[in-house]
Amino acid sequence: MYYIGVDLGTSSVKLVLMENTGKIVNVLSKEYPISFPKPLWSEQNPTDWYEQAVVGIKELTKDIDKTQVGGISFGGQMHGLVILDENDEVLRPAILWNDGRTQKECDYLNKTVGQEKISAYTGNMAFPGFTAPKLLWVKENEPEIFAKIKKIMLPKDYLIYKLSGVHATDVSDASGMLLFDVAHRCWSKEMIDLVGIKEEQLAKVFESYEVVGTLTKEIANELGLPESVKVVAGAGDNAAGAVGTGTLKHGMCSVSLGTSGTVFIASDEYAVDAKNSLHSFDHANGKYHFLGCMLSAASANRWWMENILGTSDHGAEQAKITELGENHVFFLPYLSGERTPHNNPYAKGAFIGMTMDTTRAQMTQAVLEGVSYGLRDAVEIARSFGIKIDRIRITGGGAKSKLWCKMMANIMNVTVDKVACEEGPGYGAAILAAVGCGEFATVEEAADKLVKVTESIEPTKEIVDKYEVLYQKFRTLYPAVKDVY
């Protein structure tokens, strides 16, 4: 049997076709635009996601026996607000995870209602990227649209609805809406009342490995697939990526170097960081996880390479970097504001420490190091409340850079494990589809059999010691410049 994993990303939808043995048969991606109509705004047209996913699935499966496709599941960009009217028409462009317009709404939730109360309801504080503040923004600024809302959903759940006709979400993705009671894996009635919506506008909640339904007759005919293909709930991109890297057992940690950067820590028990510096979310295996997120990771490097240096040859630029732990140029990677640990949508990027002899290579190195330092900020929070982290599994586009992986190992003083399949959320989604279809009894069983570590990068004490000094300097920079923002 074959299983399809759909990773609905910010810049493209990535599709993975997997055999029940875990072998990847085909991988492809389809791009779509992103819009920044005003400062801090970030939006997309959900129809673009759907159209490109349909084109992609057709192309993905064109050379196989389509009757052997058993199931399809999803990983997707989290937090985005998709709203439909009574005719299932999209009411406005989706407001994305990296949109920073809702500081006023977050202040209302965290300060007026109270962070302690919001955290008690949901396990988290309000962040500008989360879904509930977006709904409050629409309510205040677009009341005529708010009044027409019939269905509220997340990006990947729009695809689920279009493919199956079922208004569904999963626990991991729902955890990032600030409308969900993470501890009890259900909608928070208190938050629903605060935002001024009704529970029937929200999706039915499933565990990530549960079957939502099957393909509708119309979409099955469109795709050339059997109507019997099961649609499995899937997970938010980070939880799906954790399945794809096998980050499931208590205390395991993975880092994603994608458009955004994340630190993901699996946990058997529900717990909340007292300062809400790390998010507390449900995991795709029926358990829990902590999540730290920085808004610009590989995207910061792409901005530097393509927008500033005017090149797409990342390898050639990185080949000029030869000395680790020796660079005294720093880069603050807050090009889209920042979430963990600063929770400041107004934060900006900055180079600091340049002199007349600063080189292009040093600035390129500073960008990679700045992202790595920012990710270490999240790791240090987890370490501060007793979680031992001495190795990480790495995924995302940035993980293809051996140099960046080596930097991460030494900046965090961990062993960096690379896995055989680097497709992250797409592979994790395909695994969830296989579990949902009964190929494996549990998500853990599937990951144990399918996910393989192929390379481990060890830190070097001399370089670790040098980076420790530089990291402590990095930590002083944001407090020094934040008033400028």
Side-chain angles (χ1 to χ4, degrees), residues 251-257 261-265 273 275 277-278 290 292-294 296-298 300-301 304 318 320-334 338-342 347 349-355 358-359 361-394 396 398-399 401-418 455-482:
M252 289 186 71
C253 178
S254 63
V255 168
S256 172
L257 281 171
T262 58
V263 173
F264 186 108
I265 303 154
D273 167 23
K275 295 182 180 179
S277 299
L278 294 179
F290 296 107
C293 180
M294 58 188 302
S296 297
N301 185 48
W304 172 246
Q318 291 183 18
K320 302 170 187 175
I321 299 169
T322 57
E323 297 290 336
L324 298 187
E326 302 287 346
N327 191 18
H328 293 280
V329 178
F330 292 91
F331 176 69
L332 299 184
Y334 312 133
E338 191 54 296
R339 193 181 296 175
T340 306
H342 305 305
F351 283 100
I352 297 173
M354 294 177 291
T355 61
T358 293
T359 66
Q362 286 174 318
M363 295 182 72
T364 300
Q365 182 171 348
V367 172
L368 302 178
E369 289 171 338
V371 172
S372 304
Y373 293 142
L375 289 167
R376 179 173 166 179
D377 282 342
V379 169
E380 291 303 319
I381 295 168
R383 285 170 170 164
S384 73
F385 50 82
I387 297 178
K388 182 182 179 183
I389 299 174
D390 54 16
R391 65 191 312 131
I392 62 173
R393 292 190 175 185
I394 195 163
S401 165
K402 291 185 177 181
L403 173 69
W404 210 347
C405 290
K406 187 176 180 181
M407 279 183 185
M408 295 283 290
N410 287 286
I411 286 172
M412 295 191 183
N413 193 19
V414 296
T415 300
V416 172
D417 292 324
K418 300 187 73 172
E455 181 182 1
S456 295
I457 301 164
E458 302 289 345
T460 303
K461 186 179 186 307
E462 180 184 0
I463 300 176
V464 167
D465 291 345
K466 291 178 180 179
Y467 268 130
E468 181 63 27
V469 174
L470 295 174
Y471 172 67
Q472 296 306 327
K473 290 182 179 180
F474 174 85
R475 294 184 67 186
T476 70
L477 299 178
Y478 172 80
V481 302
K482 68 176 182 179

Exercise for the section: I would like to know whether Thr358 and Phe351 meet side chain to side chain contact (heavy atoms under 4.5 Å, CB included); could you show each step before the answer? Expected result: CA-CA 11 Å; Thr358 293; Phe351 283 100; over 6 Å; no
Exercise for the section: Report yes or no: does Lys418 contribute a side-chain atom to a donor-acceptor pair with the main-chain N or O of Ala399 at less than 3.5 Å? Expected result: yes
Problem - Test item: side-chain donor near acceptor, Gln318 and Thr364, under 3.5 Å - result: no
Handout entry: Side-chain (Thr460) to main-chain (Ile463) donor-acceptor, under 3.5 angstrom
Key = no
Practice task
With rounding to the nearest 0.5 Å, note down the distance linking CG in Asn413 to OH in Tyr471.
Solution key: 13.0 Å
Handout entry: Derivation of the side chain to side chain contact (heavy atoms under 4.5 Å, CB included) call for Leu375 and Asp377
Key = CA-CA 5 Å; Leu375 289 167; Asp377 282 342; over 6 Å; no
Problem - Exercise: identify the closest heavy-atom pair between Ile389 and Ala382 - result: CD1-CB, 3.9 Å
Exercise for the section: Please identify each residue that fulfils ring-ring contact (aromatic ring centres under 6.0 Å, His included) with Tyr478, with sequence neighbours left out. Expected result: Tyr334, His342
Exercise for the section: State whether the number of non-hydrogen atoms from other residues, nucleotides or ligands found under 6.0 Å of Glu326 atom CD is greater than 12. Expected result: yes
Exercise for the section: Could you tell me how the ring of Tyr467 sits relative to the ring of Tyr373: parallel (under 30°), tilted (30 to 60°) or perpendicular (over 60°)? Expected result: perpendicular
Handout entry: Glu468: which of Arg475, Lys473, Arg376 passes salt bridge (Lys or Arg N to Asp or Glu O under 4.0 Å)
Key = Arg376
Problem - Reported CD1-to-OG distance for the pair Ile265 and Ser254, which is rounded to 0.5 angstrom - result: 9.0 Å
